[in-house]
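None of these values were measured; they are calculated from a predicted model. When a ligand or atom number is given, it counts from 1 through the structure's own listing order.
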Amino acid sequence: MHVTENAPLAPLTTLRLGGPARRLVTARTDQEVIAAVRDADAAGEPLLVIGGGSNLVIGDDGFDGTVLRIATTGFELDGTVLELAAGENWADAVRTVVLEHGLAGIEFLAGIPGSAGATPVQNVGAYGQEVAQTITEVVAYDRLAGEVVTLGNAECAFSYRHSRFKAEPDRWVVLRVRFGLADHGGLSSPVRYAEVAKHYGVEQGERVDLTAAWNAVLALRAGKGMVLDEADHDTWSAGSFFTNPVLTPEQYQAFLARLGDLRAPAYPAEDGRTKTSAAWLIDQAGFKKGYGSGPATLSTKHTLALTNRGRATTADLLALAREIRAGVHAAFGVELVNEPVFVGVEL
Ligand code: EPU
């Protein structure tokens, strides 16, 4: 276990934003993770658990407590069952699964920054896949009970960018994630996403070559600035800054009435609701790619990513986020909600 005092947190986030932690603990084994959590809980010390720092907006004042950085390792594949330690790099794990083992189930989640342990928390998803489809079990430390438990898929209460872990953030620390993958003889899972299907000239629901699917997703993501690249400030972001609004039938009707002749993207969602596109709303409200003149701007490749051009503070980023949220609300009556986890700040 490695401990430093008054440690800068900005370098641990993909936004490169946020003040220092009073204490930063880096844990390399599950035992170290559990010990650090137990110590903090016993002392009544505020605790912030971080993985890859890719979905995190930390205030400029930092965190007055213990930040626990999960740096555990473990990639175990038994047939089609994959177990990842929470600290494993997600994008690397996906690459290994696809390129070295030819297994399907997470190939469309290529290139997503962050750690494996973070994937169940927000039910990471992209290009028609989400981890809820393949996660069989999550091994987590339950801070309420003070013990390690194994939660089955149903117990994780997954929904769009949400889970039990996100709903009860002070209760769970993810240690290991198990996935049930599939061997389709070198083919991918069925293509669900229109953009990917179009790329291949196939119908939605067809399978394509597994490695080619992985490559196509990486190229699509890179084109949107959603693959980390130190030299490219468009990738100094927390990915999508807002969730895609999911509207009730009444809200959707009111939204359509405001659109007039415009046609917004619309996808069927749970309980008869309709999911529309935050990126589209931002764009149509007048915030184009690259919008902003300060040190925090929209990505020049995607309206949904708020980026640090190098000298931004969290306050700069939040000012931009508030301006966009207000502009979208004024134009469409829809309230955007932040997707990343906020620490010590709110919109
Ligand atoms: N659009 C614009 N302007 C833009 C970009 C997009 O108008 O600059 C519109 C287009 O109509 C496009 C639609 O927005 O069809 C959706 O864009 P995209 O396909 O890029 O997806 P997204 O809704 O912006 C979601 C996820 C991403 C995920 C992609 C791909 C959320 C909040 N975001 O983005 O996940 O990678 O789909 O599946 O669900 C993340 O959660 O951090 C994330 C990156």
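Note that NZ of K289 is 8.5 Å distant from OG of S299, once rounded to the nearest 0.5 Å.
What sits closest to atom 26 (C) of ligand 1 on the protein, heavy atoms only, is R161 NH2, 3.3 Å. Among all non-hydrogen protein atoms, the one lying nearest atom 28 (C) of ligand 1 is A126 CB, 3.8 Å. Scanning the protein for heavy atoms near atom 4 (C) of ligand 1, the closest one is T303 OG1, 3.5 Å. Counting only heavy atoms of the protein, atom 40 (C) of ligand 1 lies nearest to S240 OG, 3.2 Å. Ranking the protein heavy atoms by distance from atom 15 (O) of ligand 1 puts Y267 OH, 4.3 Å first. Nearest protein neighbour of atom 1 (N) of ligand 1, counting heavy atoms only, is A279 CB, 3.6 Å. Nearest protein heavy-atom contact of atom 23 (O) of ligand 1 is N244 ND2, 3.0 Å. Protein heavy atom at the shortest distance from atom 38 (O) of ligand 1 is Y127 N, 2.6 Å.
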- Step by step, would you call D232 with T235 a side-chain hydrogen bond (donor to acceptor under 3.5 Å, both in side chains)? CA-CA 6 Å; D232 181 357; T235 75; 5.5 Å; no

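Side chains of E45 and T66: a donor-acceptor N/O pair is present below 3.5 angstrom, by distance only. If you check the side chains of T80 and D183, you find no donor sitting under 3.5 Å from an acceptor. Side-chain atoms of E107 and S189 form a donor-acceptor pair, as typed in the model, at a separation below 3.5 Å. The closest side-chain donor-acceptor pair between D234 and T300 falls under 3.5 angstrom.
Proximity of P265 to ligand 1, defined as any heavy-atom pair under 4.0 Å, is confined to the side chain (atoms from C-beta onward). In S277, the part holding a heavy atom less than 4.0 Å from any atom of ligand 1 is the side chain. Of all the heavy atoms of D283, the ones lying under 4.0 Å from any atom of ligand 1 belong exclusively to the side chain. By the criterion of a heavy-atom distance under 4.0 Å, the side chain of K224, and not its backbone, is placed next to ligand 1.
Listed here is the closest heavy atom pair of E32 and T26: OE1-O, 4.0 Å.
Separation of the Y193 and Y127 ring centroids falls under the 6.0 Å cut-off. The ring of W280 has its center no closer than 6.0 angstrom to the ring center of Y267.
Using bins of under 30°, 30° to 60° and over 60° for the plane-to-plane angle, the ring pair F287/Y291 lands in the perpendicular bin.
No N or O atom of Q122 sits closer than 3.5 Å to an N or O atom of ligand 1.
Distances from atom 43 (C) of ligand 1 to the protein include at least one heavy-atom value under 4.0 Å. There is a protein heavy atom less than 4.0 angstrom from atom 30 (C) of ligand 1.
Annotation for ligand 1: atoms under 4.0 Å from non-hydrogen atoms of L304 are 24 (O). Of all atoms in ligand 1, listed by their number and element, those nearer than 4.0 Å to a heavy atom of E195 are 19 (O). Those atoms of ligand 1 that come under 4.0 Å of a heavy atom in G239, given as number and element, are 42 (O).
Within the 4.0 Å heavy-atom cutoff, Y160 counts among the residues contacting ligand 1. Note on ligand 1: K301 sits outside its first shell, no heavy atom being nearer than 4.0 Å.
Under a 3.5 Å cut-off, the side chain of K166 and the backbone N or O of R161 do form a donor-acceptor pair. With E155 contributing its side chain and G152 its backbone, the two residues share a donor-acceptor pair below 3.5 Å. Under the 3.5 Å distance criterion, the side-chain polar atoms of K275 are left unmatched by any main-chain donor or acceptor of P268.
Nearest residue to atom 21 (O) of ligand 1 from F108, Y193, W280, F242 is Y193 (criterion: closest heavy atom). The residue among H302, K289, R221 with a heavy atom at the shortest distance from atom 24 (O) of ligand 1 is H302.
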